[in-house]
Amino acid sequence: MLLLSGCSTVPDSIKGSSVPLQQDLVRVMNNPALYVGQQSRFGGKVMKVMNLKDKTRIEIATQPLDNGARPRIKNNSVGRIYADINKFVDPVDLDGHYVTVLGTIKGTEKNTIGQSLYNFLVVDIKSYKRWHTTQRVIMPVQSMNPWMFYNHPYNESGSRSNYWIFDPYWTMSKECDQVVDTILTK
């Protein structure tokens, strides 16, 4: 059990210190004024990085978080937020990456996504974690033995025969269903 809990540990930088820690964007957006001043943790994909005069604003398409506070990248976005960092951050370090941000809810701000008017939740960031994207290839378990047992129903004499054959092309003769999976790592 201890080993399993170690796999889902929330990094210290985004643990938070308040209870409850707001993480449900849909609930918060139903009545944002109720949550102003509360600590929150949201994560997702950075869609845009804007360097303003005294801060960096990142637009995040948020996704639900797992037990380790990583965005569940296979889930659809549940909404967008503006996360304000009170310093300069080079856009190349965040643009297109997955992040989890910890901060205080400031309210909402209207802006657009494309030509559609959108209501963004604004969060003043205390700290954030940029996740590394790792792709892994999952292959089914296959026999590594090119020797195969062959059961031929009839041989030249008309009787059944069983024998071993060597198949030098055994890897080509098997279906290789591989799955490419993307995960977020520290």
Side-chain angles (χ1 to χ4, degrees), residues 1-109 111 113 118-138 179-186:
M1 186 67 174
L2 181 62
L3 179 63
L4 291 176
S5 65
C7 295
S8 62
T9 303
V10 175
D12 289 340
S13 63
I14 56 171
K15 271 191 178 170
S17 58
S18 105
V19 176
L21 184 65
Q22 301 304 323
Q23 297 186 116
D24 185 346
L25 183 62
V26 174
R27 183 180 58 210
V28 171
M29 289 305 289
N30 282 332
N31 191 356
L34 183 65
Y35 298 96
V36 170
Q38 292 188 23
Q39 195 172 52
S40 64
R41 180 171 54 216
F42 298 109
K45 186 171 186 177
V46 176
M47 304 308 292
K48 191 186 298 183
V49 179
M50 299 159 276
N51 289 108
L52 306 173
K53 182 179 178 182
D54 57 349
K55 63 185 169 190
T56 298
R57 172 168 276 184
I58 57 176
E59 180 181 322
I60 303 170
T62 63
Q63 294 158 303
L65 302 177
D66 68 9
N67 292 340
R70 290 180 301 264
R72 295 178 188 260
I73 61 176
K74 293 181 181 174
N75 288 47
N76 290 332
S77 170
V78 293
R80 302 250 181 135
I81 68 169
Y82 282 145
D84 292 339
I85 303 170
N86 293 320
K87 64 179 182 178
F88 174 84
V89 178
D90 194 327
V92 75
D93 292 337
L94 293 176
D95 198 20
H97 291 279
Y98 287 92
V99 297
T100 300
V101 296
L102 176 71
T104 306
I105 297 172
K106 291 176 23 179
T108 59
E109 189 175 307
N111 208 331
I113 298 175
Y118 193 83
N119 204 22
F120 290 84
L121 183 70
V122 181
V123 178
D124 190 23
I125 298 306
K126 175 182 174 186
S127 60
Y128 65 93
K129 169 72 177 143
R130 186 184 92 174
W131 300 99
H132 299 280
T133 305
T134 303
Q135 286 192 331
R136 58 185 178 176
V137 177
I138 303 168
V179 176
V180 176
D181 188 24
T182 302
I183 59 172
L184 298 179
T185 59
K186 292 180 185 181

* With side chains defined as the heavy atoms from C-beta onward, is the minimum distance between Y98 and T133 less than 4.5 Å? -> yes
* Determine whether more than 12 heavy atoms belonging to other residues, nucleotides or ligands lie under 6.0 Å from atom NZ of K106. => yes
* Asked: Just wondering, do N86 and D54 contact through their side chains at under 4.5 Å, heavy atoms?
  -> no
* So, the side chain of D24 versus the backbone of R27: is there a donor-acceptor pair under 3.5 Å, distance only? -> yes
* Structure fact -> When every non-hydrogen atom of P64 is compared with those of V78, the smallest separation belongs to CD-CG1, 4.2 Å
* Determine whether the side chains of T104 and D124 contain a donor N or O and an acceptor N or O closer than 3.5 Å. => no
* To do: Have a look at R80 and tell me which of N111, I113, T62 forms a side-chain contact (heavy atoms from CB on, under 4.5 Å) with it.
  => I113
* **Non-hydrogen side-chain atoms of I60 and V101 separated by less than 4.5 Å** => yes
* Could you pull out all residues at least two apart from Y118 that satisfy ring pair (Phe, Tyr, Trp, His ring centres under 6.0 Å)? => F120
* Apply salt bridge (Lys or Arg N to Asp or Glu O under 4.0 Å) to R57 and list each qualifying residue two or more places apart in sequence or on a separate chain. => D84, E109
* Asked: Is a donor on one side and an acceptor on the other found under 3.5 Å between the side chain of T108 and the backbone of L121?
  -> no
* Asked: More than 12 foreign heavy atoms under 6.0 Å from CG of N76: is that the case here?
  -> no
* To do: Look up atom CZ in F88 and atom CG in N51, then write down how far apart they are to the nearest 0.5 Å.
  => 4.5 Å
* Asked: Of all heavy-atom pairs between P71 and G43, which one has the smallest distance, and what is that distance?
  -> CG-C, 3.8 Å
* CD1 on I58 to CD1 on I81, rounded to 0.5 Å -> 7.0 Å
Donor-acceptor contacts, no H, no angles, side chain residues 30-41, under 3.5 Å, sequence neighbours left out:
residue : atom : partner : partner atom : Å
N30     : ND2  : V26     : O            : 3.3
Q38     : OE1  : Q22     : NE2          : 2.7
Q39     : OE1  : S17     : N            : 2.9
Q39     : OE1  : S18     : N            : 3.0
S40     : OG   : G103    : O            : 3.2
R41     : NE   : Q23     : OE1          : 2.8
R41     : NH1  : I14     : O            : 2.7
R41     : NH1  : K15     : O            : 3.1
R41     : NH2  : Q23     : OE1          : 3.0

* Asked: When rounded to the nearest 0.5 angstrom, what distance separates CZ in R130 from CG in L94?
  -> 7.0 Å
